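Following: one structure in structure tokens, then a few remarks.
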Amino acid sequence: MKKYLIFIIACVAVCLLPFAGMAICPTTVSTENKVMSDFPSLMEEDGFLNLNFFQEFEEYFNEHFAFRNELVYADAKIQTSIFQVSNVDTVTYGKDGWLYYSSTLDDYLGYNRMSDRQIYNLAHNLSLVRQYVEEKGSDFVLSIPPNKNTLYGENMPYYDSYIADHTHNIDLLAPKLQELGVPYADLPQLFRNEEEILYLKRDSHWNMKGAVMAYNCIMDTLGYTHMDYGDSPVSRAKDEDGDLNRMLYTFYGEKELNYKYDIEQAYTYTNDVKSVEDAWIETEGGAGNGTLLMFRDSFGNTLIPLIANQFEKAWFTKEIPYGLESLMERYDPDTVVFEKVERNISEYINMPPIISAMEEKVPQIAGTLESDTTVSIEPLDNDYNYYKISGSVDEALLKDETDIIVRINDTYYKAYHIGANEYAVYIKKKNIQTYPAEIEVLTKDQEICRVVQTKKIDEGEILQ
């Protein structure tokens with residue numbers, strides 16, 4: 001009986017330790033990319049009881065209980081060492097300790113691959129961006145860093161037999177971009193041509209040598225004179241703590257080798273920058289390639305020190321959707337660069353950059369078709385200077401490369417293609433002067449346009 005009591009007491013003590021330990025050793029640092037919650041208040045600011053106290057306390061406890069990171073690490077080591085699986089949904093544990101971002105799994109397996117219509121829509125939207133940027137007198141280039149398992153899928157776990165399609169969306173997109181004249185730094189092909197592994201084993205990104213290669217590809221595509229860093233002294237140090245490594249093993253995972261380039265930094269930050277992870281970064285003092293506006297994601301972290309060295313002024317932003325027009329009006333950059341990882345390129349057809357719609361010359365209208373095409377107009381959530389005119393077109397009326405045009409009063413505009421059969425047009429409020437506004441939706445095939453819906457909207461009918 002005594003040994004059972006000792007066992008029960010030991011189990012209770014182990015269960016209470018994370019809670020009791022908070023008094024002297026709470027967890028105060030998280031490897032997750034978010035702000036840790038504060039201890040909840042029992043009363044609201046208005047003096048009423050906080051009805052969400054216990055829910056907020058549960059969140060607080062889950063983040064702060066004592067030895068949290070140590071216990072998570074111990075569990076991860078057991079799961080990966082014995083069962084060869086990850087205990088974190090966001091990380092896929094591969095062969096030989098390779099780690100992959102789980103959100104790339106559909107791309108790797110070929111699930112939910114974009115249709116030919118969606119691929120065209122994606123390229124179409126980017127061609128409108130290219131047209132807008134170039135008409136403003138700036139250079140434009142698009143870059144898409146490939147997913148890690150797109151390049152190095154041989155270290156993925158047992159998923160090979162589940163691959164439905166070996167063709168990736170980026171493979172289908174590249175020729176369509178070329179056809180529509182979108183300047184494209186073809187990073188997927190660049191990395192595939194290299195025998196050396198240029199991504200980190202325990203991180204979702206390229207190593208520093210891969211970053212230098214990607215940077216040179218972007219600058220070469222722009223046709224700019226730039227340092228290629230080919231003669232820069234390079235060393236290797238085992239001090240890289242990858243993002244996937246931290247997600248899985250918290251602060252105790254094994255670090256790995258990365259390249260270190262001895263590069264003199266000519267640029268300086270002109271805003272309060274904590275790290276290259278910041279959402280908005282401004283630099284000045286680089287070499288004479290004018291000014292740059294770069295929309296980027298976390299792959300841009302290692303590109304910033306390289307690219308900022310080559311521009312007199314540069315602005316780097318992570319905002320989504322891209323407020324392209326407002327930033328170009330404010331900064332008037334000489335160059336605009338889009339950089340977005342493969343797994344997120346669908347954002348260009350779900351959340352396209354915010355620009356005033358490009359005008360279109362309609363060559364010939366062949367008549368009107370009865371359809372269930374819808375039309376709505378509302379203020380744009382992300383920028384109230386704009387109206388968003390949007391809706392859907394009968395899929396039966398859309399071929400793979402049918403364009404959608406929207407007439408607002410007397411002016412025709414090229415529409416963004418959203419998803420597979422939807423559309424959107426952004427227009428500044430000041431540019432609609434006449435009400436009721438007559439909105440007409442047209443399809444365009446082989447230079448032949450057909451009206452598929454017409455609607456008049458009074459100013460008071462605009463959705464709020």
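Nothing fancy with the numbering, it's 1 onward along the sequence. Just so it is clear, the structure is predicted and the values come from calculations on it, not from any experiment.
Atom CG of Asp231 has 12 or fewer heavy atoms from other residues, nucleotides or ligands within 6.0 Å. Around the CG atom of Asn271, the shell of radius 6.0 Å holds more than 12 heavy atoms that belong to other residues, nucleotides or ligands. For Lys456, the NZ atom sits in a loose shell: 12 or fewer heavy atoms of surrounding residues, nucleotides or ligands are nearer than 6.0 Å. Counting heavy atoms of neighbouring residues, nucleotides and ligands inside a 6.0 Å radius, atom NZ of Lys313 does not exceed 12 of them. Few gaps surround NZ on Lys260; more than 12 heavy atoms of other groups in view lie less than 6.0 Å from it. Annotation for Arg330: atom CZ does not count as buried by contact number, only 12 or fewer foreign heavy atoms lying within 6.0 Å. Under a cut-off of 6.0 angstrom, the local environment of NZ in Lys399 is sparse, with at most 12 non-hydrogen atoms contributed by other residues, nucleotides or ligands. Around CG of Asp458, the count of heavy atoms belonging to other residues, nucleotides or ligands within 6.0 Å exceeds 12.
With hydrogens and angles disregarded, a donor-acceptor distance shorter than 3.5 Å links the side chain of Asp394 to the backbone of Asp372. For Asn421 (side chain) and Ala396 (main-chain N/O), no donor-acceptor pair under 3.5 Å exists by modelled atom type. Of the possible donor and acceptor atoms, one in the side chain of Asp334 sits under 3.5 Å from a partner among the backbone N and O of Thr291. A donor-acceptor pair under 3.5 Å is formed between the side chain of Asn121 and the backbone N or O of Gly419. A donor-acceptor pair under 3.5 Å links the side-chain atoms of Asp171 to the main chain of His168, judged by distance alone. Using a distance-only test at 3.5 Å, with no hydrogens or angles considered, no donor-acceptor pair links the side chain of Asp403 to the main chain of Lys444. Ser143 places a side-chain N or O within 3.5 Å of a backbone atom of Phe338 that can act as its donor or acceptor partner. Formation of a donor-acceptor pair under 3.5 Å by the Asn207 side chain with backbone atoms of Gly210 is found in this model. Remark: the backbone N or O of Ala415 is paired with a side-chain donor or acceptor of His124 at under 3.5 angstrom. Proximity of a side-chain donor or acceptor of Glu256 to a complementary backbone N or O of Arg202 within less than 3.5 Å is detected.
Looking only at atom types and distance, the side chain of Glu359 has no donor-acceptor partner in the side chain of Thr411 under 3.5 Å away. Between the side chains of His226 and Asn309, no donor N or O sits under 3.5 Å from an acceptor N or O. A donor and an acceptor atom, one from each side chain of Asp241 and Asn245, are located under 3.5 Å apart. Side-chain atoms of Ser232 and Asp262 include no donor-acceptor pair closer than 3.5 Å. Donor-acceptor pairing under 3.5 Å is lacking for the side chains of Thr90 and Ser102. For the residue pair Thr80 / Tyr249, a side-chain donor-acceptor distance below 3.5 Å is found, with atom types taken as modelled. Side chain to side chain, Thr434 and Asn409 fail the donor-acceptor criterion of an N or O pair below 3.5 Å.
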Inset, instruction - Evaluate the side chain to side chain contact (heavy atoms under 4.5 Å, CB included) criterion for residues Asp186 and Leu177: first the C-alpha distance (whole Å), next the side-chain angles of each, then the deciding distance (0.1 Å), finally the verdict. - result: CA-CA 10 Å; Asp186 195 346; Leu177 291 171; over 6 Å; no

Inset, instruction - Walk me through it: do Leu303 and Met294 pass the test side chain to side chain contact (heavy atoms under 4.5 Å, CB included)? - result: CA-CA 11 Å; Leu303 295 177; Met294 181 171 177; 4.0 Å; yes

Inset, instruction - Could you walk me through whether Glu319 and Trp280 pass side chain to side chain contact (heavy atoms under 4.5 Å, CB included), step by step? - result: CA-CA 8 Å; Glu319 73 170 37; Trp280 177 260; 6.0 Å; no

Inset, instruction - Test side chain to side chain contact (heavy atoms under 4.5 Å, CB included) on Lys209 and Val212 and set out the steps. - result: CA-CA 5 Å; Lys209 188 173 183 179; Val212 170; 5.8 Å; no

Legend entry - Residue pair Glu277, Asn301: steps toward the side-chain hydrogen bond (donor to acceptor under 3.5 Å, both in side chains) verdict: CA-CA 6 Å; Glu277 292 280 1; Asn301 292 353; 3.1 Å; yes

Legend entry - Intermediate values then yes/no, side-chain hydrogen bond (donor to acceptor under 3.5 Å, both in side chains), Asp139 and Thr335: CA-CA 5 Å; Asp139 293 329; Thr335 307; 4.6 Å; no

Inset, instruction - Show your reasoning for whether salt bridge (Lys or Arg N to Asp or Glu O under 4.0 Å) applies to Asp400 and Lys176. - result: CA-CA 12 Å; Asp400 287 344; Lys176 192 57 62 178; over 6 Å; no

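Side-chain contact between Thr283 and Phe311 is absent, with no heavy atoms from C-beta onward closer than 4.5 Å.
Ring geometry for Tyr158 against Tyr162 counts as perpendicular: the plane angle is over 60°, on a 0 to 90° scale with 30° as the lower cut.
Evaluated for a ring pair (Phe, Tyr, Trp, His ring centres under 6.0 Å) with Phe295, the options Trp315, Tyr348, Phe140, Tyr322 yield exactly one hit, Tyr322.
Phe316 meets the ring-ring contact (aromatic ring centres under 6.0 Å, His included) test with no other residue; sequence neighbours excluded.
Here CD of Glu342 is found 8.5 Å from OG1 of Thr104. Values are rounded to the nearest 0.5 Å. For the atom pair CG (Asp203) and CH2 (Trp98), the distance works out to 11.0 Å, reported to the nearest 0.5 Å. Taking CG from Asp220 and CG from Asn216, the interatomic distance works out to 6.0 Å, rounded to the nearest 0.5 Å. For the atom pair CG of Leu99 and CZ of Arg246, the computed distance is 12.0 Å after rounding to the nearest 0.5 Å. Rounding to the nearest 0.5 Å gives a distance of 13.0 Å between CZ of Phe191 and NZ of Lys148. Remark: Glu195 CD to Ile197 CD1 distance equals 11.0 Å, nearest 0.5 Å.
Ion pairing between a basic and an acidic side chain is recognised when a charged N comes within 4.0 Å of a carboxylate O; Arg343 and Asp297 show no such pairing. Taking 4.0 Å as the cut-off between side-chain N and carboxylate O, Lys238 and Glu254 count as a salt-bridged pair. Looking at Lys201 and Glu240, no side-chain N of the basic residue comes within less than 4.0 Å of a carboxylate O on the acidic one, giving no salt bridge. With respect to Arg117 and Glu395, no salt bridge is recorded, no charged nitrogen being found less than 4.0 Å from a carboxylate O. Using a 4.0 Å cut-off between charged side-chain N and carboxylate O, Asp381 and Lys388 make no salt bridge.
The stretch residues 423-459 participates, sequence neighbours left out, in these ring pair (Phe, Tyr, Trp, His ring centres under 6.0 Å) pairs: Tyr416-Tyr426.
Two rings, from Tyr199 and Tyr152, have their centers less than 6.0 Å apart.
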